[in-house]
Every structure is written in C-alpha cells, then in structure tokens.
Amino acid sequence: MMSERRFNSALTPAGEEKISQAVISGSPAGFAFMAVGDGGGSVPVLGSKPLGLMGEVYRAQLNSITVADSNKNIVQAEMIIPPQVGGFTIREAALYDVEGECLAVASVPETYKPLLAEGAGRHQVIRIWLAVSSTASVQLTADPSVIVATAAEVKKAQDSAQDYTDDMASTLTETLKTAIADAVKAATRDVWEDDNPVGTVRLFQQKIDPNVKWPWSTWVYLGENKTLRLGKQDGTDVLTTGGTDSIQLGKDNLPNVQIDISGKAESVDLGTKKAAAAGGHIHKGGLLAPGSEYSKTPIGSNNQVDVSLRNTDAAPDHEHDVYIGPHDHIVNGKTSALGNGRSIDITNSFIKLMGWYRTA
C-alpha cells in the first residue's frame, strides 16, 4: 500500500524485477546514476508503478549509497549537484543502473537550483531513501572518482555556508570571472617562464616532446647517442660537439721512444768443406822442363850454346779442403704483426635520457 505522504519513493517495475533477481541469485543489483527533474511544472504524485521522470534536467553518477536503516532495509542514495550547474527547479528524482534503466523514482520538495552566475553558488545535495526487500540485494558502492564529500561533511558545509550577497553578485559578472581566470592563467605562465627561460635544458626519462607539452615555446633535441660535457663558464663553446665512442691506435699514438732489437743466430758446426775446383797453372822450369818453351839463350861471344828454356807441365784445376768450424752471425729483422687493427671501445657506463633545450 502506497504512503499518503506527499513526498515518497518507489521502485519501478524494472527495479522490482532486478531486486527480486538479486535476492534469488545473490548477485546484488547496482544503482549507478541519479537524475532530477522539474516534474513538468509541479511535484508529481507517484503511482503504484512509476516508470521514470516527467521532465529530466540533470543526471550524474552517485556520490554515495549507504544503508540508512538496516532494520527496515532502507538504503540512501546521494547525488551532489555542483555550483556551476543550475537554473532549474527540482521536484522529482530517479535512480538508474549502469545500463541506464530506471530502477526507482521519488518526489521531492520543490527547490530552485541557481547558477553561480546568478549570484548564489552552492552544492545541492539530493538524497533518496528507498525501502528494499533486503539491503544485501543492493550493491552499496559508488564511483570513487565522483565522490565529493560524505553526507556529514556536506551537511556541515551546508550549515556553515551562506549564499553570496546581492552586492557581491552584482560585481561578479561573466567578464570579471573571465578576467580572473585570465589573470590566474597569466600568473601561472609567468611562474613557468621564470623556471624555463630560453636556454633551459630539460631531461626526461620517457618520450615527452616539450613542443607539444608547452606549445607556446620552442625546443630542440640535443641529439641521439650523445654524452653531456660541461663547457666553459663564459659560454663560448656551448653546443660544441666532438669525441667518439671508439678509437683505433696507430704508430703516431705509440710512445715516442726507440726500441733496440739485436741478437745472434744459433751456433752451428759446419765441419770441413771442399773449395770449388780451380787454380790450374804452370811454372818456369829451366832447360830440362817438359813444358812449352818460354825463352832461348842467345849465342854470344862466349860461345854459349843456343838452348831453349822450358815451362813445367800445366797443373789442372783442383780442390782444397777448408775447415770452417763452429760460428754464429749477427741478425736483424721484424717481429710478426702484434694485432689485427681493431678499434678500442672507450664508451663509459651510461644511462640514456631524452634531452631538449629551449630556443624560443
């Protein structure tokens, strides 16, 4: 039996079905969103089987859903409307699941939700108390990303907060709000400029392009596979590059010294050797020699006999035995190649970062 009170809440047929299925299956039904409406101009009178809102004006995720009375199986769903939303009268509210199906409807006291620009800025808290067959059949969760405050905190804020006065409202125009926003933006930009003047170097441990992150400035990449080395204090050699990750040593890289190389061949006994055949010759032999004639004695006044002088027979070419004996020799030469000319890796231990410097 429906209550005769003017303001009440009730499950829709879809809500009753899902709650019943939740009781049977043990998998709780979830309330995810709340919407408010203007009731078409008046506070609606709920029938026994409400279907939805008559005139929806705002919808958002629930701020919280809690057990209000465990003895009577009453749950409380809460939504907070921020100050920048408004300009409408609230007379009804409804709860929806994640699929957007309406599960419950409530009539609420008529209240006007102003816009901040109208001079009254406030959070509007809308709560629906709903009796269910079992609180266990309702999923008592809310999206943490939309939780603004607990119910107690919102109530405390409502008790201590006051609407803006008419005098303040008259000065808080859209132009002034824009000017304030621009001033805050400019001040933030000035602080950033102080921290990032032209010439600033930024290092990142992930892929970040400062030209995209701060599009009002211009940045140049330092270069790939480089190490940083501090330049002169007067800045005359800034951005100078040089060096290499490897070198190849040559003759000019070796110390400027001379290396003496000397030694002896191993001593070897060559024994006795024969000279090559040679040395054929003849001798002057005199009167009786058997060889060829080489002179005649002239006949003179002493009655000398005319006789011929003759050479000995010719001796043929012949050999001689020569004893050489043990000996050695002084030798000079070159060593074999010391290596194969590979480069030496001189890269030090490093960690790679992305580096940019600002030019404008």
Side-chain angles (χ1 to χ4, degrees), residues 1-37 39 42-54 56 58-82 90-111 113 122-161:
M1 177 177 175
M2 296 294 295
S3 170
E4 295 180 357
R5 292 178 300 176
R6 183 179 179 187
F7 307 109
N8 50 27
S9 61
L11 292 170
T12 64
E16 290 181 348
E17 180 179 356
K18 289 201 172 185
I19 295 288
S20 298
Q21 290 177 352
V23 172
I24 296 173
S25 66
S27 178
F31 294 132
F33 299 93
M34 182 186 295
V36 293
S42 61
V43 176
V45 177
L46 300 182
S48 59
K49 301 290 184 181
L51 299 178
L53 298 179
M54 299 182 64
E56 182 175 330
Y58 178 74
R59 180 183 297 204
Q61 288 181 300
L62 291 176
N63 183 63
S64 67
I65 180 167
T66 57
V67 175
D69 190 332
S70 58
N71 294 326
K72 297 182 179 180
N73 290 332
I74 294 177
V75 296
Q76 174 184 275
E78 177 182 280
M79 177 182 70
I80 297 179
I81 305 176
I90 300 172
R91 301 183 181 93
E92 56 182 344
L95 295 175
Y96 299 83
D97 61 12
V98 292
E99 287 83 18
E101 190 167 14
C102 185
L103 303 182
V105 179
S107 57
V108 299
E110 182 176 289
T111 180
K113 175 63 175 71
R122 67 185 181 192
H123 287 87
Q124 183 76 45
V125 181
I126 304 297
R127 298 188 186 93
I128 295 178
W129 284 31
L130 187 67
V132 294
S133 57
S134 170
T135 55
S137 63
V138 178
Q139 187 173 357
L140 302 177
T141 60
D143 186 348
S145 65
V146 299
I147 293 177
V148 177
T150 64
E153 290 171 334
V154 174
K155 183 64 169 62
K156 181 179 179 181
Q158 287 178 321
D159 292 340
S160 61

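When side chains are defined from C-beta on, I128 counts as touching M34, because their heavy atoms get closer than 4.5 Å. Two residues are said to be in side-chain contact when any heavy atoms from C-beta on lie closer than 4.5 Å; L11 and L130 meet this criterion. Contact annotation: the side chain of E110 never approaches that of I90 to less than 4.5 Å [non-hydrogen atoms, C-beta and beyond]. For the pair V108 and S9, the minimum side-chain heavy-atom distance is 4.5 Å or more. For the pair L62/E78, no side-chain contact is recorded, criterion being any heavy-atom separation below 4.5 Å from C-beta on. Counting heavy atoms from C-beta outward, L103 and F31 have side chains that approach closer than 4.5 Å.
Closest of all the heavy-atom pairs between R91 and S42 is CD-C, 3.3 Å.
Between the side chain of T12 and the main chain of P50, no donor-acceptor pair closer than 3.5 Å is present. Side-chain atoms of S107 never come within 3.5 Å of backbone atoms of E92 as a donor-acceptor pair (strictly under, hydrogens ignored).
Note that CD1 of I80 and CD1 of I126 are 10.5 Å apart. Values are rounded to the nearest 0.5 Å. One finds the SG atom of C102 at 6.0 Å from the CG atom of L53 (value rounded to the nearest 0.5 Å). In this structure, CZ on R127 lies 13.5 Å from CD1 on I65, to the nearest 0.5 angstrom. A distance of 4.5 Å separates CD in Q61 from CZ in F33, rounded to the nearest 0.5 Å.
By the side-chain contact (heavy atoms from CB on, under 4.5 Å) test, Y58 pairs with V36, A60, M79, I81, P82, V85, F88, sequence neighbours left out.
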